[in-house]
Amino acid sequence: MGQTAPNPVLTTIKFFREEYEAHILHKYCPAKKCKALISYEVLTDKCKGCGRCSKECPSGAIAGEKKKPFTVEQEKCVRCGLCINVCKFGAVQVLSGNGKGAGKNV
Ligand code: SF4
Ligand code: SF4
């Protein structure tokens with residue numbers, strides 16, 4: 001059993017080597033799912049300043065004035081993803097590593 005235990009890991013490395021390298025070498029999560037490697041940002045040009053994300057955020061990480069672009073305080077954000085789901089304007093994106101974004105509909 002001890003000799004075959006690493007096989008599942010070795011197999012995933014064989015077939016998903018690029019994923020491993022992206023995470024380990026480039027600190028980038030291509031799927032934008034790893035909480036340690038992502039951040040949520042408000043797109044100022046799309047944000048209508050409705051404040052819905054701020055009301056729903058469980059950690060009080062989103063602040064702003066009505067009818068002006070809101071912002072995410074990264075130190076408070078627990079990366080739950082709720083803000084992307086509640087924003088009706090597609091104004092929240094998730095970024096990883098090299099700054100490539102992916103909105104809700106991507
Ligand atoms: S829900 Fe969307 S449009 Fe409304 S304040 Fe938040 S990011 Fe801006
Ligand atoms: S990901 Fe969650 S904790 Fe972070 S800003 Fe959005 S709603 Fe708040």
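Any value given below was found using the heavy atoms of this structure, including those in side chains, with hydrogens, waters and symmetry copies removed. Each ligand, and each atom within it, is numbered from 1 in the order the structure gives. In this text, all values refer to a predicted model and were calculated from it rather than measured experimentally.
The main-chain N or O of C50 is found under 3.5 Å from a side-chain atom of K66 such that the two form a donor-acceptor pair. Between the side chain of S54 and the main chain of A63, no donor-acceptor pair closer than 3.5 Å is present.
C83 has its side chain out of reach of F70: every pair of non-hydrogen atoms, C-beta onward, lies at least 4.5 Å apart.
Near F70, meaning under 4.0 Å from one of its heavy atoms, ligand 1 places the atoms 5 (S). Near C77, meaning under 4.0 Å from any of its heavy atoms, are these atoms of ligand 2: 1 (S), 3 (S), 4 (Fe), 5 (S). Taking a cut-off of under 4.0 Å to the non-hydrogen atoms of F89, the atoms of ligand 1 that pass are 3 (S). Applying the 4.0 Å criterion to heavy atoms of V92 picks out, from ligand 1, the atoms 7 (S). Close approach to C47 involves these atoms of ligand 1, each under 4.0 Å from a residue heavy atom: 3 (S), 5 (S), 7 (S), 8 (Fe). Shown in contact with Y40 at under 4.0 Å from a heavy atom are these atoms of ligand 2, numbered in order with element: 1 (S). Distances below 4.0 Å separate heavy atoms of I62 from the following atoms of ligand 2: 5 (S). Residue contact check: G51 has heavy atoms under 4.0 Å from atoms 4 (Fe), 5 (S) of ligand 1. Near A91, meaning under 4.0 Å from one of its heavy atoms, ligand 1 places the atoms 2 (Fe), 7 (S). Interface of G81 with ligand 2, defined as ligand atoms under 4.0 Å from a residue heavy atom, comprises 1 (S), 2 (Fe). Against a heavy-atom cut-off of under 4.0 Å, C53 is close to the following atoms of ligand 1: 1 (S), 5 (S), 6 (Fe), 7 (S). Within ligand 1, the atoms closer than 4.0 Å to a non-hydrogen atom of K48 are 3 (S), 8 (Fe), numbered from 1 in the order shown.
Contacts between K76 and ligand 2, counted as non-hydrogen atom pairs separated by less than 4.0 Å, are absent for every part of the residue. Proximity of I84 to ligand 2, defined as any heavy-atom pair under 4.0 Å, is not found for any part of the residue. At a heavy-atom distance under 4.0 Å, only side-chain atoms of V72, from C-beta outward, approach ligand 2. Only the side chain of S59 comes within 4.0 Å of ligand 2, judged by heavy-atom distances.
Nearest protein heavy-atom contact of atom 8 (Fe) of ligand 2 is C57 SG, 2.3 Å. With respect to atom 2 (Fe) of ligand 1, the closest heavy atom belonging to the protein is C87 SG, 2.3 Å.
A distance of 12.0 Å separates CG in L25 from CD in E18, rounded to the nearest 0.5 Å. To the nearest 0.5 Å, atom NZ of residue K27 and atom CD1 of residue I38 are 16.0 Å apart.
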### Check against side chain to side chain contact (heavy atoms under 4.5 Å, CB included), R79 and Q74
CA-CA 9 Å; R79 296 170 182 84; Q74 297 302 324; 4.3 Å; yes
### Query
Does the side chain to side chain contact (heavy atoms under 4.5 Å, CB included) test come out yes or no for C29 and H23, once each step is laid out?
CA-CA 6 Å; C29 175; H23 284 78; 3.5 Å; yes
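More than 12 heavy-atom neighbours from other residues, nucleotides or ligands sit within 6.0 angstrom of OH on Y20.
Cluster annotation: V94 and V92 are assigned to the same hydrophobic cluster (Ile/Leu/Val/Met/Phe/Trp/Tyr, side-chain heavy-atom contacts under 4.5 Å, transitive). With hydrophobic clusters built from ILVMFWY side chains whose heavy atoms lie under 4.5 angstrom apart, I13 shares a cluster with I24.
Contact between R52 and V86 at its shortest, heavy atoms only, is NH1-O, 3.2 Å. When all heavy atoms of A91 and C87 are compared, the closest pair comes out as N-SG, 3.4 Å. The two residues A5 and P8 come nearest to each other via the heavy atoms O-CD, 3.1 Å.
Taking 2.8 Å as the threshold, C83 does not count as a candidate ligand of atom 4 (Fe) of ligand 2, since none of its N, O or S atoms lies below it. Inclusion of C50 in the first shell of atom 4 (Fe) of ligand 1 is supported: an N, O or S atom falls under 2.8 Å.
A heavy-atom separation below 4.0 Å is not found between V86 and ligand 1.
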